[in-house]
Amino acid sequence: MIKRTHNCGELRLSDVGKDVAVAGWVRSYRDHGNLIFVDLRDRYGIVQLVFDPEISTAAHDLAEKVRCEWVLASAGKVRPRGEGLENPKLATGQIEIAVSEAEILNVAKTPPFEIEAAQKVNEEIRLCNRYIDLRRPVMQARLGLRHKAAKVVRDFFDERGFWEIETPMLSKSTPEGARDYLVPSRLQAGSFYALPQSPQLFKQILMISGMDRYFQIVRCFRDEDPRADRQAEFTQIDVEMSFVDCDEVMDVNERMIARVWKEILDVDVALPVPRISYSQAIAQYGTDRPDVRFDMKLKDISDIAADSSFGVFTSTVEKGGIVKGLCAPGGAKLSRSDIEKTLTAFVADYGAKGLAWAKVVKSDAGEMSLGSGFAKFFDTARQGRIIERFGAAQGDVILLVADKADIVNKSLAALRVRLGRDLKLYDENRFDFVWVVEFPLFEWDEDQKRYDSLHHPFTSPIQADMNKLQTEPANVKSQAYDLVVNGSEIGGGSVRIHNIETQRKVFELLNISKDQAEERFGFFLRALEYGAPPHGGIAFGLDRIIMLLAGTDNIRDVIAFPKTQRGQCLLTDAPAPVDKSQLEELNLRTKIPPAAGE
RNA sequence: GGGGCCGUAGCUCAAUUGGUUAGAGCAUCGGACUGUCGAUCCGAAGGUUGAGGGUUCGAGUCCCUUCGGCCUCGCCA
């Protein structure tokens, strides 16, 4: 076999005259009858081979047979391309290899789609033939970027004394949170392991064990419906530190993120990353993951709306709801049908029953007022107050939603993001980071009539609110923080509870009985009793970080072998039925018989 | 579980109000060609319109069911 001396991307003019050998896949061939050109591709690039019968008839004969995606090795001399024959599109475009010896290492069927075709190939076909798809330079670049980013993370933490410690994949189900993936135990019939939703308790136990600083790039599993940026199986950068407060965790980790952005994109992230409180985020952006690349903040006008003549507004406020909205700069260019059909349907997805609108107009005398839409329900003075509150200008459109606070905020948050994009209110190439802090410790779950952790049940309240746990749990703030970039949450963490009494108290408030707590978290509670240091940490979604770095909005683009929306791997066809004998060994019987030859 | 979009040749798409034998580009196969580089030129082959049912003289097109993909609401401590 011809052994390669160089890869397909590295030869330059300075290599002219060298005897070299390369190997790779045939990207394309141009057969001129006598002279044959072959573009050979590997992970590193593309190089042009020339087969000239005057150099070797054997090699030329072989090249006549070669087809796209065949695996080919070739040896020959590097020579400069003639004047005007360079190809500026290739890094190796100044040279070519005059082949004296060639060897077909393997043949290939005609690929199911053209690998470097500019046209966009159906993702289903790409996933079924992932080995072909992953030959595309763009996919190779994304996986390369992923590798490099992970290495930057590892180096960063290593330099600061963090140890990467593995935690179990087969562990214990802790109901609450997302649905678990279960693995049946053979040795203990009827019992199950759960795949980790995150190594949360293990990393806390590592702190109790005195490991001091831990990180792990680790697979996590959550059996929930996927989204464009969510996959049941995903990768976390998991971090935990002892003897720290919120500021130290945020400080180290924003430096880590800044290092990644610098080394991968050569982008400088301004440190420290600004912070916004949860309540401010909800008030101004309607969400705890605000896209701060553009302004267009939400404004509450419940007070003005309450004494309008618009029944929907007044009754909403009377019932304890709110009237809130945003002012779309230059929104006057939106047509009435854009607003009343498209945007109204859009907010309806989030439960909003309507979208009130008014255009901001200026009279000849220079007076600003509201035109059309909901304007007729407000007198001149109140119109003025609305315009003033939004800081609205002529040509803007004010859009309002009236409903219960959570519906108003959710729908307006989504509308804000959509309009920001549609009206091009920001530069798509910038990255704006923000820490969201001061989350409430609990949220009230109306369905189950109990408190629920906003973050998770191991999050510590802020010191000043400790005594409120008993009296007004709804107003207790937590030591939690989320890192948000361009409206995407890429990480979240907290300082943890390290005191067993506080932990018990929190379980109590979450309506987890002593027995339940013992059954689910007993191992952890016992660990807490043996000298747990104050500790805190964070976890980042590596896949989402890579998406941002790679500039794609699809998580499947940054995972080598992803699953579809129905949790299927189109390459392997997993999940699939198993042999009866396997089930028997596991003492399992399925309720639904496996589908027979559909 | 709900809502939306989509499914036509290997790939990307087209096909008038329901109307003849479902077309094009690329890929494939054969031929020609010594400087191409998404080679070019000539020729050929390629289809159960995702599947099933219905309406109709006639269905890629309309209706129902179903399968699959994507987006999304719910869900994601």
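So that the names make sense, note that chain A is the first sequence line, chain B the second, and so on, each numbered from 1.
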Could you tell me whether A:Asp52 contacts a base, only the sugar-phosphate backbone, or nothing, with contacts defined as non-hydrogen atoms closer than 4.0 Å?
nothing

Can you tell me how far C1' in B:A9 sits from the matching atom in B:G50, rounded to whole Å?
14 Å

When you look at CD of A:Glu443, are more than 12 heavy atoms from neighbouring residues, nucleotides or ligands closer to it than 6.0 Å?
yes

What integer number of Å spans the C1' atoms of B:U56 and B:G38?
47 Å

Assign A:Lys109 to base, sugar-phosphate, or nothing according to its heavy-atom contacts below 4.0 angstrom with the strands shown.
nothing

If pairing requires Watson-Crick or G-U wobble contacts with both distances under 3.5 Å, which nucleotide is the partner of B:C76?
none

Look at the side-chain N and O atoms of A:Lys410 and state whether any lies under 4.0 Å from the OP1 or OP2 oxygen of B:G74.
yes

Nearest-angstrom distance, C1' atom, B:A59 to B:G52:
15 Å

State whether A:Asp39 and A:Arg30 are salt-bridged, where the test is any N-O pair (Lys NZ or Arg NE/NH1/NH2 against Asp/Glu carboxylate O) under 4.0 Å.
yes

Please confirm whether the shortest side-chain N or O distance from A:Gln565 to OP1 or OP2 of B:C71 is below 4.0 Å.
yes

For A:Glu86, answer base if it contacts any base atom (sugar-phosphate contacts may also be present), sugar-phosphate if it contacts only those atoms, and nothing otherwise; contact means non-hydrogen atoms under 4.0 Å.
base

When all nucleic acid strands are considered with a 4.0 Å heavy-atom cut-off, which category describes A:Glu54: base, sugar-phosphate, or nothing?
base

Mind checking A:Arg81 for me? I need base, sugar-phosphate or nothing, with any heavy atom below 4.0 Å counting as a touch.
base

Considering only the C1' atoms, how many Å lie between B:U49 and B:A15, rounded to the nearest integer?
11 Å

Looking only at atom P, what distance separates B:A44 and B:C5, rounded to whole Å?
42 Å

Is the CG atom of A:Asp553 crowded by more than 12 outside heavy atoms at less than 6.0 Å?
no

Under 3.5 Å, is there a donor-acceptor pair between the A:Ser494 and A:Arg496 side chains?
yes

B:G38 base / A:Arg30 side chain donor-acceptor hit below 3.5 Å
no

With a non-hydrogen cut-off below 4.0 angstrom, is A:Thr459 in contact with a base, only sugar-phosphate, or nothing?
nothing

Any side-chain N or O of A:Lys89 under 4.0 Å from OP1/OP2 of B:G38?
yes

Using a heavy-atom cut-off of under 4.0 Å over every strand shown, decide if A:Arg79 touches base, sugar-phosphate, or nothing.
base

For B:A39, does either OP1 or OP2 sit under 4.0 Å from a side-chain N or O belonging to A:Ser28?
yes

Hey, does the side-chain of A:Arg230 have a donor or acceptor N/O within less than 3.5 Å of a partner on the base of B:C75?
yes

For the side chain to side chain contact (heavy atoms under 4.5 Å, CB included) test, which of A:Ile97, A:Val66, A:Leu35, A:Val99 pairs with A:Phe51?
A:Val99

Is it the case that atom CH2 in A:Trp25 sees more than 12 heavy atoms from other parts of the structure closer than 6.0 Å?
no

Are any of the side-chain heavy atoms of A:Phe439 and A:Asp288 separated by less than 4.5 Å?
yes

Around atom OH of A:Tyr193, are there more than 12 heavy atoms of other residues, nucleotides or ligands at under 6.0 Å?
no

Describe the nucleic acid contact of A:Glu96 in one word from base, sugar-phosphate, nothing, applying a heavy-atom distance below 4.0 Å.
base

Between A:Arg227 and B:C73, does any side-chain N or O lie under 4.0 Å from OP1 or OP2?
yes

Between A:Asn554 and A:Arg222, name the one whose nearest nucleotide on RNA chain B is closer to the 5' end.
A:Asn554

Mind checking A:Tyr350 for me? I need base, sugar-phosphate or nothing, with any heavy atom below 4.0 Å counting as a touch.
sugar-phosphate

Using whole Å, report how far CD1 of A:Ile36 lies from C1' of B:U40.
15 Å

Kindly say whether, by distance alone, the side chain of A:Asn87 makes a donor-acceptor pair under 3.5 Å with the base of B:C37?
yes

In whole Å, what is the span from the CZ atom of A:Arg126 to the P atom of B:C70?
11 Å

Any strand counts, and the cut-off is 3.5 Å on both contacts for Watson-Crick or G-U wobble. Which nucleotide pairs with B:U56?
none

When rounded to whole Å, the CG to P distance for the pair A:Leu571 and B:G68 reads 18 Å

Between C1' on B:U8 and CG on A:Asn122, what's the gap in Å once rounded to a whole number?
13 Å

Under 4.0 angstrom, heavy atoms only, what part of the nucleic acid is A:Ile125 near: base, sugar-phosphate, or nothing?
sugar-phosphate

Write down the distance separating the P atoms in B:C6 and B:C63, rounded off to the nearest Å.
12 Å

Just checking A:Gln48: base, sugar-phosphate only, or nothing, at a heavy-atom cut-off of under 4.0 Å?
base

Tell me whether A:His32 and B:G35 count as stacked here, given that the ring centres must be under 5.5 Å apart and the planes must differ by less than 30 degrees.
no

Calculate the interatomic distance between A:Ile407 atom CD1 and B:C73 atom C1'; express it in whole Å.
12 Å

Would you please confirm or rule out a distance under 4.0 Å between OP1 or OP2 of B:G10 and any side-chain N or O of A:Thr110?
no

Separation between the C1' atoms of B:C73 and B:U55, rounded to whole Å
35 Å

Hey, which sits more toward the 5' end of RNA chain B by its nearest nucleotide, A:Arg556 or A:Arg179?
A:Arg556

Looking at A:Lys341 and A:Asp338, is any side-chain nitrogen of the basic one under 4.0 Å from a carboxylate oxygen of the acidic one?
no

What is the pairing partner of B:C5, taking Watson-Crick or G-U wobble pairs with both distances under 3.5 Å in any strand?
B:G69

Within the structure shown, what part of the strands sits under 4.0 Å from A:Glu124 by heavy-atom distance: base, sugar-phosphate, or nothing?
sugar-phosphate

For the pair made of CG in A:Leu35 and P in B:A32, what is the distance, rounded to whole Å?
17 Å

Could you check which nucleotide pairs with B:C26 in any of the strands shown, counting Watson-Crick or G-U wobble with both distances under 3.5 Å?
B:G10

Using the P atom on both, measure B:G7 against B:U16 and round to a whole Å.
14 Å

May A:Phe37 be described as stacking on the base of B:U36, applying a 5.5 Å centroid limit and a 30° limit on plane angle?
yes

Send over the distance from A:Lys341 NZ to B:G4 P, rounded to a whole Å.
17 Å

Length of the CD-P vector between A:Glu116 and B:A27, whole Å:
13 Å

